[in-house]
Asks: 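Here it is, the structure in full.
Every number for a ligand or one of its atoms is a count from 1 in the order of the listing.
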Amino acid sequence: MRRPVRRWLRKPDTTAKPSLRRKVRSLRNGVKLLNRLSRRDLAKVAGSVALGLSAPPTRGADATAAPNATFPSSFLWGVATSAYQIEGAVTEDGRGPSIWDRYARMPGTIADHGNADVACDHYHRYKDDVQLMKALGVKAYRFSIAWPRVFPEGSGLPNPKGLDFYNHLLDELIANDIEPFATLYHWDLPQSLQDRLGGWASRDTAQAFADYAGYVAERLTDRVKHIFTINECSRLVHLGHGLGIDAPGLRLAPQELSQVRHHVALAHGLAVQAIRANGRPGTKLGPAENMVTCIPATTTPENIRAAEIATREFNGGYLTVMLEGEYSAGFLAQAGKDAPRYTAEDLKIISSEIDFLGLNVYKTDHYIIAADNVRGFASLPFPPSFPHMESSWLNIAPEAMYWAPRHAAKLWSLKSIYISENGTSATDAPAADGQVYDTDRIMYLRNYLLHLQRATSEGVPVAGYFLWSLMDNFEWADGYEKRFGLYRVDFETLVRRPKLSAEFYRETIRRNAAA
Ligand code: PNW
């Protein structure tokens with residue numbers, strides 16, 4: 001049986017003004033038409049509207065975007081990728097091998113036994129990929145520079161052909177009005193530094209990174225105005241050198257791991273100084289960190305304060321030392337005899353002044369309550385029913401997008417924050433018509449963005465947002481099994497196709513509001 005769509009429209013409202021009556025009549029006619037349509041027809045209409053195929057052009061104000069729910073007018077919408085995950089062409093134009101090339105070839109490391117020899121073949125298709133960005137309407141693109149393209153051995157002789165790729169990419173972006181944000185290190189350490197120096201276990205690797213940073217800054221800051229130093233120090237340290245499930249696949253003893261952590265933080269600080277010394281004045285820089293995110297379980301003033309204290313403590317090895325110039329007492333007590341060895345000068349370098357903080361926000365790490373203990377807080381266990389997306393680690397906590405920048409801005413008096421990554425994997429099975437209707441990704445993004453808008457409306461200084469990722473790519477140890485893109489990549493043909501979420505993001509950017 002077909003039910004009338006809106007019963008309340010059936011009764012004529014005799015008290016209404018003539019113009020209103022006319023509107024009600026025409027609405028009623030519309031409803032009659034809808035009632036005559038079969039379910040199948042309705043599904044078709046809904047589908048085509050969703051894809052924007054036959055939707056009538058919207059005129060005037062958008063009914064769904066309340067006037068006060070927009071982002072600041074200068075808000076920078078972007079997408080993000082990283083070199084190793086998309087470029088391919090790993091032996092072309094003099095690129096040296098990286099620790100990920102080596103690691104991906106070790107048996108049992110990558111879920112689908114894949115590697116990034118070809119990945120998305122972005123190295124050859126970058127011009128088309130810039131057009132994909134343009135179709136979304138993004139104003140900024142965060143990409144990473146492959147250190148082993150620029151210095152195939154990590155240090156010593158540079159390879160100008162390697163840098164040329166980025167010169168061409170920058171020109172293409174700028175010609176298309178897309179602002180480049182470059183990351184200097186997204187985990188692709190030149191293998192030679194691992195072999196010759198022991199990689200991040202050596203202080204010399206931190207110095208080599210600074211030399212590379214200075215070299216790049218000198219040559220690219222005529223066009224790149226924003227540089228991220230290192231992507232997610234904490235992940236490369238813990239997963240790469242503690243758990244051994246990222247390159248270089250090491251499981252170091254706790255003190256050695258502490259030292260690796262210290263060298264990575266030091267590399268960030270040395271790079272900040274090298275960029276300032278060699279780049280154009282006015283170049284803005286900062287790290288891109290996956291800050292340990294602490295959400296107050298309920299928003300009592302005590303729990304909010306406890307979540308701030310927890311944020312400072314849990315980020316003791318990275319953000320706290322970078323922004324305060326000291327390892328916190330809690331961090332050192334926790335590390336005990338395994339604390340890193342360092343000098344006062346090291347701490348000064350690590351805390352060299354930055355211009356912005358990049359935050360990669362995907363999930364939450366802790367729900368925090370105030371507690372009567374030495375630390376002043378407790379972390380609640382996650383109930384087994386806590387929801388997650390396609391990747392099991394990716395729990396769904398939209399409010400992380402509010403609390404992460406709010407805590408950071410408050411704790412460290414920050415003036416500028418970028419959400420350097422946010423996005424999700426989803427099953428993304430193409431429908432019979434070949435399209436990917438990734439309504440789960442849209443649900444995830446919409447809710448995170450609503451919380452980001454909540455933050456900006458309260459004055460949290462978030463200047464922009466980079467969605468991870470432009471297209472499906474090599475998802476590290478998950479190989480090609482987990483897809484994070486707005487564009488689906490067929491890894492046989494390398495053809496890119498927009499998912500429904502691409503339309504969602506384009507509309508979000510157009511409205512400057514979580515659409
Ligand atoms: C980030 N977590 O990794 C990386 O920067 C990207 O290269 C990666 O493709 C993307 O997020 C998706 O995984 C993360 O457990 C991996 O919180 C794990 C976590 C965070 C970030």
Side-chain angles (χ1 to χ4, degrees), residues 78-87 98-100 103-104 110-112 114 116 119-120 122 141-147 181-189 228-240 242-243 245-247 264 286-295 311 314-315 318-319 357-367 382 386 388-398 400-401 403-404 418-426 428 441 444-445 448 465-487 489 501:
V79 284
T81 64
S82 90
Y84 189 67
Q85 293 177 271
I86 63 165
E87 284 178 1
S98 81
I99 55 173
W100 267 97
Y103 180 74
I110 310 297
D112 54 6
C120 304
H122 171 74
Y141 174 47
R142 175 179 175 229
F143 63 100
S144 84
I145 296 173
W147 184 353
F181 280 58
T183 306
L184 294 179
Y185 187 65
H186 204 121
W187 311 345
D188 43 0
L189 187 78
F228 293 104
T229 52
I230 297 179
N231 183 68
E232 297 191 356
C233 296
S234 59
R235 175 159 164 173
L236 82 94
V237 172
H238 292 278
L239 272 61
L243 300 174
I245 54 172
D246 271 359
V264 169
E289 194 51 34
N290 56 334
M291 183 174 90
V292 176
T293 297
C294 301
I295 295 176
T311 301
F314 285 132
N315 292 286
Y318 307 98
L319 290 182
L357 175 63
L359 290 176
N360 292 358
V361 181
Y362 286 91
K363 59 168 181 128
T364 191
D365 300 279
H366 297 278
Y367 280 96
F382 278 79
F386 202 97
H388 64 79
M389 297 298 290
E390 168 74 345
S391 305
S392 55
W393 57 267
L394 214 173
N395 62 45
I396 304 172
M401 193 55 105
W403 290 105
Y418 288 96
I419 301 302
S420 32
E421 287 179 28
N422 168 243
T424 185
S425 52
D428 285 352
R441 178 175 287 107
Y444 171 99
L445 293 170
Y448 275 66
Y465 168 93
F466 294 88
L467 197 152
W468 185 275
S469 179
L470 171 66
M471 57 188 154
D472 297 339
N473 56 50
F474 179 74
E475 176 57 15
W476 307 111
D478 284 330
Y480 297 97
E481 285 182 357
K482 296 284 186 285
R483 295 171 174 272
F484 278 78
L486 291 176
Y487 286 87
V489 177
S501 54

Asks: Quick test of your reading of the model: are R483 and E390 salt-bridged, counting only N-O distances below 4.0 Å?
Replies: no
Asks: What atoms of ligand 1 come within less than 4.0 Å of a heavy atom belonging to N231?
Replies: 5 (O)
Asks: Give the residue and atom name of whichever protein heavy atom lies nearest to atom 21 (C) of ligand 1, and the separation in Å to one decimal.
Replies: E232 OE2, 3.1 Å
Asks: When the aromatic ring centroids of Y448 and Y465 are compared, is their separation below 6.0 Å?
Replies: no
Asks: Is there at least one pair of N or O atoms, one from W187 and one from ligand 1, spaced under 3.5 Å apart?
Replies: no
Asks: Can you tell me how far apart OH (Y362) and OG1 (T293) are? Round to the nearest 0.5 Å.
Replies: 12.5 Å
Asks: Among all protein heavy atoms in this structure, tell me which lies nearest to atom 18 (C) of ligand 1, with the distance rounded to 0.1 Å.
Replies: R235 NH1, 3.3 Å
Asks: For E475, is at least one N or O under 3.5 Å away from an N or O on ligand 1?
Replies: yes
Asks: With rounding to the nearest 0.5 Å, note down the distance linking CD in E232 to CG in L239.
Replies: 9.5 Å
Asks: Would you confirm whether the ring centroid of Y480 sits within less than 6.0 angstrom of the ring centroid of F474?
Replies: yes
Asks: Return the option from H186, E421, K363 holding the heavy atom at the smallest distance from atom 17 (O) of ligand 1.
Replies: K363
Asks: Within ligand 1, which atoms have a heavy atom of W476 less than 4.0 Å away?
Replies: 6 (C), 7 (O), 8 (C), 9 (O)
Asks: Side chains of P287 and T229, heavy atoms from C-beta outward: is any pair under 4.5 Å?
Replies: yes
Asks: In the protein, what heavy atom is nearest to atom 10 (C) of ligand 1, and what distance, to one decimal place, separates them?
Replies: Y362 OH, 3.3 Å
Asks: Are the side chains of F314 and M291 in contact, using a 4.5 Å heavy-atom criterion?
Replies: no
Asks: For atom 19 (C) of ligand 1, which protein heavy atom lies nearest, and how many Å away is it?
Replies: W393 CZ3, 3.4 Å
Asks: Without hydrogens or angle criteria, can the side chains of N422 and Y444 be said to hold a donor-acceptor pair below 3.5 Å?
Replies: yes
Asks: Quick one: does N473 get an N or O within less than 3.5 Å of an N or O on ligand 1?
Replies: no
Asks: Quick one: which ligand 1 atoms are inside 4.0 Å of a heavy atom on F484?
Replies: 12 (C), 13 (O)
Asks: Would you indicate whether the side-chain heavy atoms of Y185 and V264 approach each other to under 4.5 Å?
Replies: no
Asks: Judging by distance only, is a nitrogen or oxygen of N290 under 3.5 angstrom from one on ligand 1?
Replies: no
Asks: Taking heavy atoms and a distance under 4.0 Å, where does K482 meet ligand 1: side chain, backbone, both or neither?
Replies: neither
Asks: Quick one: does ligand 1 sit under 4.0 Å from the side chain of D365, the backbone, both or neither, non-hydrogen atoms only?
Replies: neither
Asks: I'd like to check W187 versus I99 (side-chain heavy atoms, cut-off strictly below 4.5 Å). Are they in contact?
Replies: no
Asks: May I ask you to check whether S82 has an N/O atom sitting below 3.5 Å from an N/O atom of ligand 1?
Replies: no
